[in-house]
Amino acid sequence: MIEVKNLQKTYEVKRRKSFFNSYKEKVEAVKDISLRIEAGQIVGLLGINGAGKTTTIKMLTTLIEPTSGEYYFDGKDALKNPVEIKKQINMIAGGERMIYWRLTAYENLWYYGQLYGIENTELKQRIDRLLKLVGLEDKANLPVETFSKGMKQRLQIARGMINNPKYIFLDEPTIGLDAIVTQELHEEIRSLAKNQEKGILLTSHYLSEVEELCDYIYLVNNGQLVMEGTKRDLTDFVFTKKQYAFSVKGMNESICSSLRSQLMILDAGAQVQLEGKSAVITSKVELSSFLAEFAIREGLIIEELHKLEPSLEQAVIKLSKSIEKEAKGIA
Ligand SMILES: Nc1ncnc2c1ncn2[C@@H]1O[C@H](COP(=O)(O)OP(=O)(O)O)[C@@H](O)[C@H]1O
Ligand SMILES: [Mg+2]
């Protein structure tokens with residue numbers, strides 16, 4: 001198990017006042033973060049840009065030293081043994097970093113394996129196994145520049161596994177990827193935890209990503225933990241109810257009200273509001289197929305049906321407000 005307690009990182013930045021005059025300013029990138037990652041678990045670090053996610057990951061991967069705090073790796077003091085820790089962790093980058101385009105998939109893995117000092121026969125076996133695992137065994141000897149985005153992403157996973165790490169860190173792994181590649185990557189990540197027993201920490205600013213993947217979630221804002229828990233614990237606060245934009249030809253108030261009455265059976269608390277030509281439906285249950293069936297039953301032609309993604313900013317604001325209220329209530 002990985003466990004960090006009260007991690008803190010302060011940067012000193014030089015700021016220039018004028019040509020001759022500069023001063024030092026302290027930036028508290030991480031103020032107080034405590035978290036745990038267990039084998040076989042996917043842990044999410046969720047926060048808006050600038051929340052301190054990357055700084056936390058850099059401390060966990062021993063790329064930078066915390067200003068203060070504790071870090072235990074399987075019970076051992078990690079801050080005293082960074083070299084030992086490096087052997088047992090790895091990072092999978094999003095996008096196309098850390099992969100050499102001119103080299104083949106095999107050569108890329110060979111290069112990284114050599115960096116870890118893995119013995120040649122063992123490395124050869126490991127590469128074959130990993131390429132098979134990520135479904136690239138037929139592409140082993142092709143240069144990476146001929147690969148699709150999804151194939152490059154799968155090679156990233158193989159690269160991140162080359163030292164057989166116990167824990168894997170992913171910093172915004174799906175940024176800039178299209179929906180299909182994202183879905184593929186999500187499946188790979190899930191399988192690393194469930195089938196290979198890896199402990200995974202993933203940062204993201206997508207609510208839907210952590211909601212879909214993570215067993216346990218830490219919400220960070222301004223370098224501090226705002227809330228933690230399982231998806232269920234956080235649902236009411238963070239993953240606000242599901243919202244759909246639903247529009248049919250000739251949408252009007254009377255269609256909305258029959259929708260309302262039919263929805264009652266599924267979710268008595270559901271709300272339907274007519275906004276322009278669309279009904280905006282808020283509910284705690286999944287409604288995609290219900291709405292499609294509703295249209296068929298009523299002989300309506302669907303013009304629009306999609307799920308609205310709640311924004312993380314809104315969730316953080318809402319949460320801060322509710323915490324404030326609670327604090328006032330106690331005082
Ligand atoms: N090397 C650095 N020097 C100074 N400030 C930094 C440095 N790295 C990050 N910061 C600041 O720390 C805060 C947290 O950054 P970061 O950890 O990158 O957040 P996130 O990954 O959640 O977007 C930001 O305000 C950022 O500007
Ligand atoms: Mg970041």
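This structure is a prediction, so every number in the text was calculated from the model and none was measured. Nothing fancy with the numbering, it's 1 onward along the sequence.
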[X] side-chain N/O to [Y] backbone N/O, donor-acceptor pair under 3.5 Å:
| X | Y | result |
| --- | --- | --- |
| Lys53 | Ile48 | yes |
| Gln183 | Ile180 | no |
| Arg159 | Tyr112 | no |
| Glu298 | Leu300 | no |
| Ser191 | Glu187 | no |
| Asp32 | Gln224 | no |
| Tyr106 | Leu131 | no |

Report task. Output yes when Asp128 and Lys132 qualify as a salt bridge under the 4.0 Å nitrogen-oxygen rule, no when they do not. Result ->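 Judged by the 4.0 Å cut-off on N to carboxylate O distance, Asp128 and Lys132 do not form a salt bridge.
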With a 4.0 Å cut-off, would you call Glu253 and Arg260 a salt bridge?
->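 Salt bridge: yes.
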Count the heavy atoms belonging to other residues, nucleotides or ligands that lie under 6.0 Å from [atom1] of [X], then report whether that count exceeds 12.
| X | atom1 | value |
| --- | --- | --- |
| Leu115 | CG | yes |
| Gln114 | CD | yes |
| Lys31 | NZ | yes |
| Lys194 | NZ | yes |

With a 4.5 Å cut-off on side-chain heavy atoms, are [Y] and [X] touching?
| X | Y | value |
| --- | --- | --- |
| Leu291 | Leu259 | yes |
| Glu25 | Lys14 | no |
| Lys152 | Arg154 | no |
| Ile33 | Leu35 | yes |
| Leu202 | Ile189 | yes |
| Glu137 | Arg129 | no |
| Val144 | Leu155 | yes |
| Leu60 | Ile2 | yes |

Polar side chain donor-acceptor pair, [X] to [Y], under 3.5 angstrom:
| X | Y | result |
| --- | --- | --- |
| Ser204 | Glu209 | yes |
| Thr10 | Glu12 | no |
| Ser18 | Asn21 | no |
| Glu188 | Gln153 | no |
| Lys198 | Asn164 | yes |

| message | To check you understand the geometry: which heavy-atom pair defines the closest contact between Glu70 and Leu79, and what is its length? | response |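 That closest heavy-atom pairing would be CA-CD1, 4.5 Å.
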Just grab all the ring pair (Phe, Tyr, Trp, His ring centres under 6.0 Å) pairs involving [range], residues at least two apart or on different chains.
| range | value |
| --- | --- |
| residues 128-168 | Phe73-Tyr167 |
| residues 185-210 | none |
| residues 15-45 | none |
| residues 259-314 | none |

key: Approximate separation, where rounding is to 0.5 Å, of Lys9 NZ and Glu65 CD   =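 The distance works out to 7.0 Å.
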**Study point:** Spacing of OG belonging to Ser68 relative to CD belonging to Gln8, to within rounding of 0.5 Å
**Key:**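 The OG atom of Ser68 sits 4.0 Å away from the CD atom of Gln8.
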Take Trp110 and Ile118, measure what side-chain contact (heavy atoms from CB on, under 4.5 Å) needs, and give me the verdict at the end.
-> CA-CA 9 Å; Trp110 186 264; Ile118 302 162; over 6 Å; no
Show the numbers, then the answer: is there a side-chain contact (heavy atoms from CB on, under 4.5 Å) between Ile302 and Phe246? CA-CA 8 Å; Ile302 297 180; Phe246 177 57; 4.2 Å; yes
* Asked: Looking at Ile85, Asp171, Asn90, Ile89, which one forms a side chain to side chain contact (heavy atoms under 4.5 Å, CB included) with Thr61?
  ->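 That would be Ile89.
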Can you list every salt bridge (charged side-chain N to carboxylate O under 4.0 Å, His left out) pair that touches residues 98-112, not counting sequence neighbours?
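Qualifying pairs: Arg102-Glu145.
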If two hydrophobic side chains count as joined below 4.5 Å and joins carry through other members, does [X] share a cluster with [Y]?
| X | Y | answer |
| --- | --- | --- |
| Phe169 | Val220 | yes |
| Val4 | Leu63 | no |
| Ile37 | Ile217 | no |

Can you give me every donor-acceptor pair (side chain of residues 266-278, partner residue at least two apart or in another chain, under 3.5 Å) with its distance?
from   : atom 1 : to     : atom 2 : distance (Å)
Asp267 : OD1    : Gly269 : N      : 3.0
Asp267 : OD1    : Lys284 : NZ     : 3.2
Asp267 : OD2    : Ser283 : OG     : 2.8
Asp267 : OD2    : Lys284 : N      : 3.0
Ser278 : OG     : Glu304 : OE1    : 2.8

